[in-house]
Amino acid sequence: MNQIWNIARKELSDGLRNRWLLAISLLFAALAVGIAWLGAAASGQVGFTSIPATIASLASLATFLMPLIALLLAYDAIVGEDEGGTLMLLMTYPLGRGQILLGKFVGHGLILALAVLIGFGCAALAIAVLVEDIELGTLLWAFGRFMVSSTLLGWVFLAMAYVLSSKVSEKSSAAGLALGVWFLFVLVFDLVLLALLVMSQGKFSPDLLPWLLLLNPTDIYRLINLSGFEGGGNAMGVLSLGTDLPVAGSVLWLCLLLWAGAMLALAFWVFRRRLA
């Protein structure tokens, strides 16, 4: 455990020195506060509307940002060490590859978790202080659920970044693949499902189609944050399929955890086969 923590502490220190934590926290705080007060501007209203509407808007934003930030944070975690000559040095120490990978995951994961806590926590605090008659219990539950699920989503894409970084031999290749992974899960996947719905006129295996949402961690994340509110059943687009999923909310959380674990296991398998 000491070896893992030493590597994690080094990654956390690098993140602080490179201003990753500060930049991500400020970005989350600014966007979250802006959405909380200006999210209903399109309907002619300015000011805080409701907790469910705010969480739904923040979740839509985080669906795009969290995967991208996680991939940018870790796409060069392995290949960058290799190009810099430090990976071979690390391999001379009494460290297993699993310890190296897990240490990096803990360090990067802490950066994401702290950024989410600071950034979105500032928005929750602002709402609690500035909005009259707010239900603090509901606010804490909603934002706590949102922040934990956002952190889990980031960890899924951190692990994906390690898979890419362990597979390629150049940082530029890892960056290109990371962008491709982001497009696939954030944009392309849902477009493909919508195309299947349109082309089949809603007749493409209606029992199977909702389960396909579980193949995309971003869809699982959005379903988690849309459930639990009175308006959660009014999901639009491909997420409306989620209302037909005969599973409890706890299963969605388990699926997100399984995604993170499976990607981390795959990253270890690829890293173990890599020649240092």
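Note that the coordinates shown come from a computational prediction; the quantities given were computed from them, not determined experimentally.
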Legend entry - Residue pair Phe189 / Val192, side-chain heavy-atom distance below 4.5 Å: no
Inset, instruction - Answer whether the closest heavy-atom distance between the side chains of Leu72 and Ile69 falls below 4.5 Å. - result: no
Inset, instruction - Show your reasoning for whether side chain to side chain donor-acceptor pair (under 3.5 Å) applies to Ser169 and Asp82. - result: CA-CA 8 Å; Ser169 58; Asp82 196 4; over 6 Å; no
Legend entry - Close side-chain approach of Leu152 to Trp259, heavy-atom, < 4.5 Å: no
Legend entry - Whether over 12 other heavy atoms sit under 6.0 Å from Glu135 CD: no
Inset, instruction - Run the salt-bridge test on Arg222 and Asp190 with the 4.0 Å N-O cut-off and return the result as yes or no. - result: yes
Legend entry - Residue pair Leu193 / Asn216, side-chain heavy-atom distance below 4.5 Å: no
Legend entry - Note, Arg145 side chain near Trp253 side chain (heavy atom, < 4.5 Å): yes
Inset, instruction - Taking all non-hydrogen atoms of both residues into account, name the closest pair between Leu16 and Leu21 and its distance. - result: CD2-CD2, 3.4 Å
Inset, instruction - Check for a donor-acceptor pair, side chain of Trp141 on one end and backbone N or O of Leu136 on the other, with a separation under 3.5 Å. - result: no
Inset, instruction - Salt-bridge test for Arg17 and Glu11: reply yes if a basic N is under 4.0 Å from a carboxylate O, no otherwise. - result: no
Legend entry - Aromatic contact, Phe146 with Phe120 (centres under 6.0 Å): yes
Legend entry - Donor-acceptor under 3.5 Å (Tyr162 side chain, Lys104 main chain): yes
Legend entry - Considering all heavy atoms, the nearest Phe28-Gly119 contact: CB-CA, 3.8 Å
Inset, instruction - Determine the sole option in Arg97, Lys171, Lys10 for which the salt bridge (Lys or Arg N to Asp or Glu O under 4.0 Å) test with Glu81 is passed. - result: Lys10
Inset, instruction - For the pair Glu83 (side chain) and Gly80 (backbone), establish whether a donor and an acceptor sit closer than 3.5 Å, ignoring hydrogens and angles. - result: no
Legend entry - Heavy-atom donor-acceptor pair, Ser165 side chain to Val79 backbone, under 3.5 Å: yes
Inset, instruction - Report yes or no: do Leu140 and Ile118 belong to one cluster of Ile/Leu/Val/Met/Phe/Trp/Tyr joined by side chain heavy-atom distances under 4.5 Å? - result: no
Legend entry - Gln3 to Leu95 - nearest heavy-atom pair and separation: CB-CD2, 3.2 Å
